[in-house]
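My questions all concern the structure below.
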Amino acid sequence: MKLVLRCIKDHNSHAAAVSLGSPSSSAPAQPTLQSSSSSVSVATLASDSASGSAPRTANSAADIISVVSANNHPPLTVEAIVKGETPLDILLILLILLRSNISRLGDQRRSFLTHIIQLIEKSSDPALLHVVLAIVREWVLDTQDVFPTIKEKAMLMSSMMSFVHGSASANDNASRAGARAALAASAMSARSAAGSSDRSTGTTRAGGSLGYVDPFALLERRYLTLVLEVYSDPRFTRSEMTMRLEQAFLSGMQSEDCEMRGRFLETFDANMPPSLP
């Protein structure tokens with residue numbers, strides 16, 4: 001947990017990229033929790049860094065989001081997500097490797113989940129939030145494992161209400177609102193620069209302009225889609241999960257996305273008793 005806390009602190013302070021190798025050779029080796037779907041471990045990356053190999057180029061936020069938000073929901077692996085050695089990359093490695101070993105954490109499980117909730121509520125990094133959402137989705141829809149418990153899953157899902165634009169928790173997150181505005185401004189500048197370049201060269205860009213997808217709007221859509229999956233799954237009928245997500249369901253019925261709002265209304269209508277004659 002100390003390593004998780006340190007990586008969260010480094011990520012939130014936007015520290016410079018750091019090496020994954022430990023500077024002390026006398027420290028006892030720590031056991032590595034390794035996911036069955038990934039052959040890359042923290043120790044492997046540390047040895048690569050210590051051997052003096054050239055630093056790898058980290059995946060961009062758009063690359064990470066495109067991987068975890070694919071419609072076929074591919075399994076999360078270190079190889080697919082992590083390419084560099086930034087504080088964010090270290091944090092992602094820890095989250096991906098620990099997600100399938102959460103039952104082995106024992107008394108540290110509650111602390112680990114508490115830190116994940118802090119990331120959900122406080123982080124303004126869209127790539128990190130998309131990965132966390134993908135991890136929580138795996139936990140929620142997998143009812144075979146005992147851990148996390150249904151109560152812990154409901155707690156994680158309800159904390160993600162901060163992803164919904166216009167909710168009270170989202171309005172309180174000034175850093176996330178600032179990051180969203182900065183991304184929109186950057187995209188607008190890129191479109192303006194591309195338009196000026198096209199006019200000066202006399203070329204026409206296919207599609208008319210550069211496309212921009214708001215990563216926070218996509219995050220909200222993916223979260224609301226998961227809420228719909230929960231309410232459509234008979235395993236969660238009258239469970240603590242559906243009770244804790246009532247506010248999220250009502251937010252989906254008021255979504256600015258017409259398609260998403262229609263899907264929630266259809267689900268609501270299908271579960272309403274027929275009208276009395």
Side-chain angles (χ1 to χ4, degrees), residues 7-17 56-71 73 76 80-92 95-96 116-137 159-198 205-227 248 251-252 254-261:
C7 292
I8 292 175
K9 182 178 179 181
D10 290 343
H11 170 66
N12 289 341
S13 61
H14 301 287
R56 296 168 297 176
T57 303
N59 267 347
S60 66
D63 293 334
I64 296 175
I65 293 173
S66 65
V67 171
V68 300
S69 62
N71 292 332
H73 302 292
L76 293 177
I81 304 298
V82 179
K83 300 297 183 184
E85 300 173 358
T86 66
L88 174 61
D89 291 323
I90 302 173
L91 183 54
L92 292 179
L95 292 175
I96 293 172
I116 289 183
I117 291 177
Q118 291 178 354
L119 289 176
I120 291 172
E121 295 178 344
K122 303 298 183 182
S123 177
S124 58
D125 190 305
L128 174 61
L129 295 176
H130 275 273
V131 172
V132 170
L133 176 57
I135 291 174
V136 173
R137 183 184 183 278
S159 69
M160 289 186 178
M161 270 296 295
S162 61
F163 294 167
V164 179
H165 181 62
S167 64
S169 53
N171 292 337
D172 292 340
N173 195 328
S175 62
R176 192 172 298 173
R180 189 171 190 172
L183 286 173
S186 176
M188 184 175 296
S189 300
R191 286 197 298 267
S192 299
S196 300
S197 176
D198 291 344
R205 185 178 298 273
S209 62
L210 292 177
Y212 169 68
V213 177
D214 185 351
F216 293 102
L218 179 60
L219 184 69
E220 176 182 348
R221 182 179 179 86
R222 291 183 61 217
Y223 169 65
L224 292 178
T225 300
L226 179 56
V227 172
S251 297
Q254 304 173 34
S255 174
E256 297 178 356
D257 187 329
C258 296
E259 180 186 353
M260 183 62 64
R261 184 171 65 249

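Just so we're clear, the structure is a prediction, and the values are computed from it rather than from any experiment.
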OG-CG distance between Ser251 and Leu224, expressed to the nearest 0.5 angstrom:
7.5 Å
Write down the atom of Ala248, the atom of Tyr223, and the distance for their closest heavy-atom approach.
CB-OH, 3.5 Å
Which pair of heavy atoms, one from Glu220 and one from Ser255, lies closest together, and at what distance?
OE2-OG, 4.5 Å
Do we see a donor-acceptor contact under 3.5 Å between the side chains of Asp89 and Thr86?
yes
Rounded to the nearest 0.5 Å, the CD1 atom of Ile120 sits from the CE atom of Met160 at a distance of 3.5 Å
Main-chain N/O of Pro215 paired with His130 side-chain donor or acceptor, under 3.5 Å
yes
Distance-minimising heavy-atom pair for Ser162 and Glu121
OG-CA, 4.2 Å
Has the side chain of Ser192 got a donor or acceptor atom that lies under 3.5 Å from a matching backbone atom of Met188?
yes
Straight-line distance of His165 NE2 to Glu256 CD, nearest 0.5 Å:
5.5 Å
What one should report as the nearest heavy-atom pair of Glu259 and Arg221 is OE1-NH2, 3.3 Å
From Ile81 atom CD1 to Leu88 atom CG, the distance as rounded to the nearest 0.5 Å
10.5 Å
Report yes if the side chains of Leu92 and Ile64 come closer than 4.5 Å at any heavy-atom pair, otherwise no.
yes
Nearest atoms (heavy-atom pairs only) where Ser123 meets Arg176
O-NH2, 2.8 Å
Run the side-chain contact (heavy atoms from CB on, under 4.5 Å) check on Leu129 and Asp125 step by step: do they pass?
CA-CA 6 Å; Leu129 295 176; Asp125 190 305; 5.7 Å; no
Inter-residue atom distance Ile90.CD1 - Leu95.CG, 0.5 Å rounding
12.0 Å
Heavy atoms only: give me the nearest Ala134-Leu76 pair and the separation to one decimal.
CB-CD1, 3.9 Å
Side-chain heavy-atom pair Leu133, Val68 within 4.5 angstrom cut-off
no
